[in-house]
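Below: the structure, in structure tokens.
Numbering of ligands and ligand atoms starts at 1, following listing order.
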Amino acid sequence: MAVKTGSAGGRVPFIAGNWKMNLDHLQSIAFVQKLAWSLKDARFDFSEVEVAVFPPFTDLRSVQTLIAADKLQLKYGAQDLSTHDSGAYTGEISGAFLKALDCEYVIIGHSERRTLHNETDGVVAAKVAAALKHGLVPVICVGETADDLAEHGPSAVPVAQLTAALAGVAQGANVVVAYEPVWAIGSGQAATPEQAEQVAVALRAVVSSALGDEAGAATRILYGGSVNSSNIAGFLRQPNVDGALVGGASLDVAEFSSISRFKSHVGI
Ligand code: PGA
């Protein structure tokens with residue numbers, strides 16, 4: 001089966017690198033420059049695959065300046081945002097500030113935030129609303145733990161999380177969904193492409209019922225969890241998997257470049 005092209009379902013594949021708390025602003029600049037060179041050398045076509053990096057907050061201004069100055073086609077976003085617009089919220093970052101840095105995306109509800117920062121489905125929904133309010137596209141992360149999987153099966157928890165995240169979101173809103181099984185994140189044990197596809201189908205149905213059929217067809221659903229250059233093509237062969245949210249492998253320029261160039265991999 002062919003890997004989907006930019007026109008399949010109208011959904012342009014999306015490769016997103018979540019750097020988590022890695023790379024300071026100087027390292028970010030060097031990384032983005034090298035990534036841009038690597039993709040340019042490979043004659044990468046950004047109209048066929050969208051590539052975005054998600055650096056720490058303190059790097060965003062540097063990344064913005066570099067991308068604007070060199071007219072790079074790479075996109076970028078933040079890893080989180082506040083539910084509030086401004087005010088007495090020490091340590092928080094407003095969506096308005098991210099928009100002022102020309103961020104296009106913001107990751108919301110990553111499992112590390114749900115677990116380490118006690119983010120509930122209610123907080124995630126408020127952050128989705130805040131992102132949309134400020135013109136940012138939320139990359140909404142959902143996923144089950146190994147215990148959830150054993151107890152509830154593959155789709156129940158991600159479906160419940162996404163349903164909660166989209167409650168109150170307007171019809172036709174522009175969102176990205178990332179299915180990230182917690183047991184696959186950073187474990188080296190990725191889900192199978194078939195597992196990812198099964199959950200992606202269920203998540204697309206949630207988007208359709210919450211945001212309308214058109215949004216359901218247009219929304220990109222990513223897989224995340226131990227994605228690398230060897231397994232990426234298998235995920236992108238699935239009709240409902242439209243890209244990947246990459247953690248560890250996004251910190252290596254050559255590896256992330258190779259993941260972005262999944263279409264040119266041998267045998268595809
Ligand atoms: P991983 O992380 O690719 O290192 O498994 C994915 C993520 O947390 O987004």
*Output all residues satisfying side chain to side chain contact (heavy atoms under 4.5 Å, CB included) with Asn174, sequence neighbours left out; order by chain, then residue number.*
Val137
*Which of the atoms in ligand 1, numbered in the order shown and given with their element, are less than 4.0 Å from a heavy-atom of Gly248?*
1 (P), 3 (O), 4 (O)
_Side-chain donor-acceptor contact under 3.5 Å, Asp59 with Ser62_ = no
*What part of Ser187 sits under 4.0 Å from ligand 1 if we count only heavy atoms: the side chain, the backbone, both or neither?*
neither
*Is there a heavy atom of Gly224 sitting under 4.0 angstrom from any atom of ligand 1?*
no
_Using heavy atoms and a 4.0 Å limit, tell me yes or no: is Ser226 in contact with ligand 1?_
yes
*Per-atom contacts of ligand 1 with Ala184, taking only distances under 4.0 Å to non-hydrogen atoms*: 5 (O)
*Answer yes if the side chains of Glu180 and His110 hold a donor-acceptor pair under 3.5 Å, and no otherwise.*
yes
*Could you tell me which atoms of ligand 1, counted from 1 in the order shown, lie closer than 4.0 angstrom to a heavy atom of Gly247?*
1 (P), 2 (O), 3 (O), 4 (O), 6 (C)
*For ligand 1, is any non-hydrogen atom under 4.0 Å from Asn18's backbone (N, CA, C, O), its side chain (CB onward), both, or neither?*
side chain
*Counting from 1, what ligand 1 atoms have a heavy atom of Gly225 closer than 4.0 Å?*
5 (O)
*Can you list the atoms of ligand 1 that are under 4.0 Å from a heavy atom of His110?*
7 (C), 8 (O), 9 (O)
*Have a look at Glu255 and tell me which of Ser250, Ser230, Ser229 forms a side chain to side chain donor-acceptor pair (under 3.5 Å) with it.*
Ser229
*State the atoms of ligand 1, each with its element, that fall below the 4.0 Å cut-off from a heavy-atom position in Gly186.*
1 (P), 4 (O), 5 (O)
_Which residues share a side chain to side chain contact (heavy atoms under 4.5 Å, CB included) with Glu214, sequence neighbours left out_ = none
*asked:* Any salt bridge linking Asp41 with Arg261? Criterion: basic side-chain nitrogen under 4.0 Å from a carboxylate oxygen.
replied: no
_The single option from Asp80, Val175, Leu81, Val139 passing side chain to side chain contact (heavy atoms under 4.5 Å, CB included) against Ile108_ = Leu81
*Ionic contact status for Asp85 with Lys133, cut-off 4.0 Å*: yes
_Where ligand 1 meets Glu180 - atom numbers and elements under 4.0 angstrom, heavy-atom basis_ = 6 (C), 7 (C), 8 (O), 9 (O)
